[in-house]
Amino acid sequence: MATLRFFPLDATYRITDGKAVIYLFGRSFDGQTVCVTDENFRPYFYVLSGELDRVQSKIELLKVENERISAFVTGTEIVKRRYNGKEVRALKVYTNIPGAVPIIKDTISQWDFVDSVHEYDILFARRYLIDRGIVPFTPYEVEGEFVSVKSKVPVFRAERIEQRGEDIAEEPRILAFDIETYYNEREILPDKNPIIMLAFYGKDFRRVFTWKRFRTSDESIEFVESEAELIEKFKETIEHFKPEIITGYFSDGFDFPYIETRARKYKISLDIGLDYSELKINRKGGIDAKIAGINHVDVFRYVQRIFGRGLETESYSLNSVAYELIGEKKLEVNLDEMSKAWDEGGQKIEEYCRYNLHDAKLTYELCRKLLPNMVELVKIIGLPVDEVIRMGFSQLVEWYLLRQAPRFNEIAPNRPEHGDMGKRREESFKGAFVFEPKPGLYKNIAVFDFRSLYPSIISSHNISGGTLNCKCCGDEKVPFDDGKTNYWFCKRERGFLPTVIGDLIEHRVRIKEMIRKQEQQDMLLAARENVLKLLANSFYGYYGFFGARWYSIESAQSTTAYGRYYIHKVISKAEKEGFTVLYSDTDSIFLLLDKKTKEDAEKFMESVNLELPGLMELEYEGHYPAGIFVQTKDNTAGAKKKYALISDNGILKIRGFETVRRNWSLVAKELQENVLKIILKEGDAEKALVITKGTIKDLRDKKIPVEKVIIKTQITKEIGSYETVGPHVAIAKRLEAKGVAVAPGTIISYVVTEIGSKVRDKAKLPEEVREGEYDAEYYINNQVVPAVEKIFEVLGHSKDELVGKEQGTLGRFF
DNA sequence: ACCTACCGGGG
DNA sequence: GTGTACGGTAGGT
């Protein structure tokens, strides 16, 4: 018997001699890629029934044969479990192979003495990781021996696997790749157009393959004879580099499927899996590309589904994401000219090779930057990185619960059937409370918020489907504000989900404490804290998500009802103690301190906290010397979710003002920020007014440079398919007429000039416009004034005052 | 107002 | 692979 120590990274399984064998691919402590097999794990599922013995004796004889497989039961046992808040006896049914589970399940579901069947759709490799408690990226010690099995890496057959500590694997070998394809009809046609370049980027490794020669001194460029050879190089490079993670940007949806299509044309087998299996592309439902033994991380997928929430960027293109996260952009080349350069051959191709390599580099850097975050997610969810990065929030919650369930002896509820999902989609419920602010400029504001409001409510009030309206309690109802909904949650026994979320919150508090104490910043702790917060905050949404196993609309409703109850309680308590409440949204409250001190406010917070149950806590978010709330567009009320605050250290916090968006000109954006700064920092409305009038005058005097009046709007579809021709579409049409292709995704920059009647006729490209050749009145009325008029209204200055019309001008029209 | 269809990313 | 995306919104009714 030998011993092997390794970090598992990926799990799959294979049928050998009619038995399922688990394959764990990973990295040994000495840095080699290895495969550990485990033959000692059997597929199973659960049956609930009032007549377990009858099910047991009948099911053991069951054998279903079809043209593909023979499915039969290899054993059963009666076990004690919990289901939906109750102790149950369940029949655990083992089958010969994983594929037999759904077949047996379908058959016995029809027996009338079977109540329900559970956990029949948990993928086998995932089931293994959960039941054996194996977490990718953490160390294990294996006893067993090396065996000879067809594989690209050594195979070790395990008899016993045990966790060894919690260290994470050192930085994995990452290989990024990117392709450029021939295209001239502004359509992606993998059947027709070849791949012309292929770039790789890894640690101490950069290479571009292309199949047209030109003179170059760039050593990273390598010429091959044909596209087919380029695809062979793709396989070879992966084989030699031995990446543990292969990464691309939208490689699920573009690079891998494209390469697969081209490989099929040349009858090249893409057997890049470590077990010689082929690249597997799933086109049904969400597209994804899988390689056995190598984690394929499509950075785009992770950013789009999970990480992007915390980013400023509105577009998840490689260019904008890379710019925000690593401060680097794509190389600027004219892609429309690429195919022409390719046809003509020669030196011009080189810049596209550099462009190609640079994209691979950006992808590599992004993957490295995001990896700590992804690994923390892996360690909490317990599934391989290529799986967790493709999950949405609800799936993350679900797989976290499925991993926790065995610890609590819980049997998982089933996913809803199609009809149920339809019904669930219909059910809606009341959300959070938002206080209507009184428009005005205020000084000396204290802001408080509930720490993780919804997660702490779920934990503190034991909110779950299994504890809802129990038979043993009922004296304390959920404080619904409709006065009729009658729910309560058990006080005697903790529910599964509230326990799990409570553990998450406490874990996060410990990590936060560690972060607070540490001398130098530990990025891993920060990433872990981030992931725990993300997960905890997703539970409430999960309760109301139609596809959830632990769906409980009553729990979702009760969570927001408690949320509204507590925030109202804080509001009335604050008012009773003489504070003016300026604003409140969901879990936050803004107090006007006025004559009261910060100490008074903190005392208030402490007294609130004394009355809060469980993990609930009101926190001091910060003090703001000034803040402004404005009116709605129709001037009928104070605008919700639209305000600006300035902090003690002079940082502006702007929420909901539409001009922070991209398709506004700089002149309007800058003025808005300036005006807010002057009003909040210096409290000088007159100065803000003077500056605004100055900007308007400068516009009229044509003193504003053209770059500040450029408006950028994206072309989102084919030009011909636009019904309404906005200014950016009009420009695109003119470009097309000149023979310049404008593909969807292009951002059109334009300036509105005075020549023409409709805005679309007046729009010109910036390079066609000379300094001062813009329509001042357009910019004043459609950009500058809308950006600041709501702010000035609060200060008692009308729109007319801004644009310099005489007071009372309106009167003449009446 | 409500519903459906399509888009994103990639070249 | 013990499977069948998703969330937003433009455009139509």
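As the structure is a computational prediction, the values presented were derived from the model and not from experiment. Throughout, a chain's letter reflects where its sequence line sits, starting with A, and its residues are numbered from 1.
- Neither OP1 nor OP2 of B/dG10 sits under 4.0 Å from any side-chain N or O of A/Tyr316.
- Using a 4.0 Å heavy-atom criterion, one finds that A/Tyr182 contacts no nucleic acid atom at all.
- Atom CZ in A/Phe41 sits about 11 Å away from atom C1' in C/dT2, given to the nearest Å.
- For A/Phe41 and A/Tyr13, the ring centers are positioned 6.0 Å apart or more.
- Taking atom CG of A/Leu396 as the reference point, atom P of C/dA5 lies 16 Å away to the nearest angstrom.
- Geometrically, A/Lys105 does not engage A/Phe45 in a cation-pi contact defined by less than 6.0 Å to the ring centre and at most 45° from the axis.
- Residue contacts shown for A/Arg415 are limited to sugar-phosphate atoms, with no base heavy atom under 4.0 Å away.
- Checked against B/dG11, C/dG3, B/dG9, the side chain of A/Tyr249 finds its nearest nucleotide in B/dG9.
- Heavy atoms of A/Asp255 sit nowhere under 4.0 angstrom from any nucleic acid atom.
- Out of C/dT2, B/dG11, C/dG3, the shortest distance to the side chain of A/Tyr120 is found at C/dT2.
- With respect to the salt-bridge test (charged N to carboxylate O, under 4.0 angstrom), the residues A/Asp386 and A/Lys290 qualify.
- Between the C1' atom of B/dG11 and the CZ atom of A/Arg262 lies a distance of 13 Å, rounded to the nearest Å.
- The salt bridge (charged side-chain N to carboxylate O under 4.0 Å, His left out) with A/Glu227 is formed by just one residue from the set A/Lys212, A/Lys265, A/Lys233, A/Arg262; it is A/Arg262.
- One P atom belongs to C/dT2, the other to C/dG7, and the distance between them is 25 Å to the nearest Å.
- Using a 4.0 Å heavy-atom cutoff across all strands shown, A/Pro102 reaches sugar-phosphate atoms only and no base atom.
- Looking at heavy-atom distances under 4.0 Å, A/Ile179 makes contact with sugar-phosphate atoms alone, never a base.
- The nearest whole Å value for the distance from the CG atom in A/Asp298 to the P atom in B/dG10 is 10 Å.
- One atom, OH of A/Tyr302, and another, C1' of C/dC6, lie 17 Å apart when rounded to the nearest Å.
- Among the heavy atoms of the strands lying under 4.0 Å from A/Asp359 are primed sugar atoms or P, OP1, OP2 only; no base atom is included.
- The side chain of A/Arg305 lies closest to C/dC6, out of C/dG3, C/dC6, B/dG11.
- Separating the CZ atom of A/Phe256 from the C1' atom of B/dG10 is a distance of 14 Å, rounded to the nearest angstrom.
- Taking atom C1' on both nucleotides, B/dG8 is separated from C/dA5 by 12 Å, rounded to a whole Å.
- Regarding A/Arg127, its CZ atom lies at a distance of 13 Å from the P atom of C/dG3, rounded to whole Å.
- The side-chain tip of A/Arg207 does not point at the ring of A/Phe200 from less than 6.0 angstrom away and within 45° of straight on.
- A/Arg126 comes within contact range of no nucleotide atom at all, as no heavy-atom separation falls under 4.0 Å.
- At whole-Å resolution of the value, CZ in A/Phe177 and P in B/dG10 are 14 Å apart.
- Here A/Ile122 lies in heavy-atom contact (under 4.0 Å) with a base.
- Nucleic acid contact for A/Ile97: none, since no nucleic acid atom lies under 4.0 Å from a heavy atom of the residue.
- One donor-acceptor pair, N or O on each side, does fall under 3.5 Å between the base of C/dG3 and the side chain of A/Asn282.
- Look at A/Lys290 and you won't find any side-chain N or O under 4.0 angstrom from OP1 or OP2 of C/dG3.
- Between the side chains of A/His296 and A/Arg390, at least one donor N or O sits under 3.5 Å from an acceptor N or O.
- Taking atom P in both B/dG9 and C/dA10, the straight-line distance is 14 Å, to the nearest Å.
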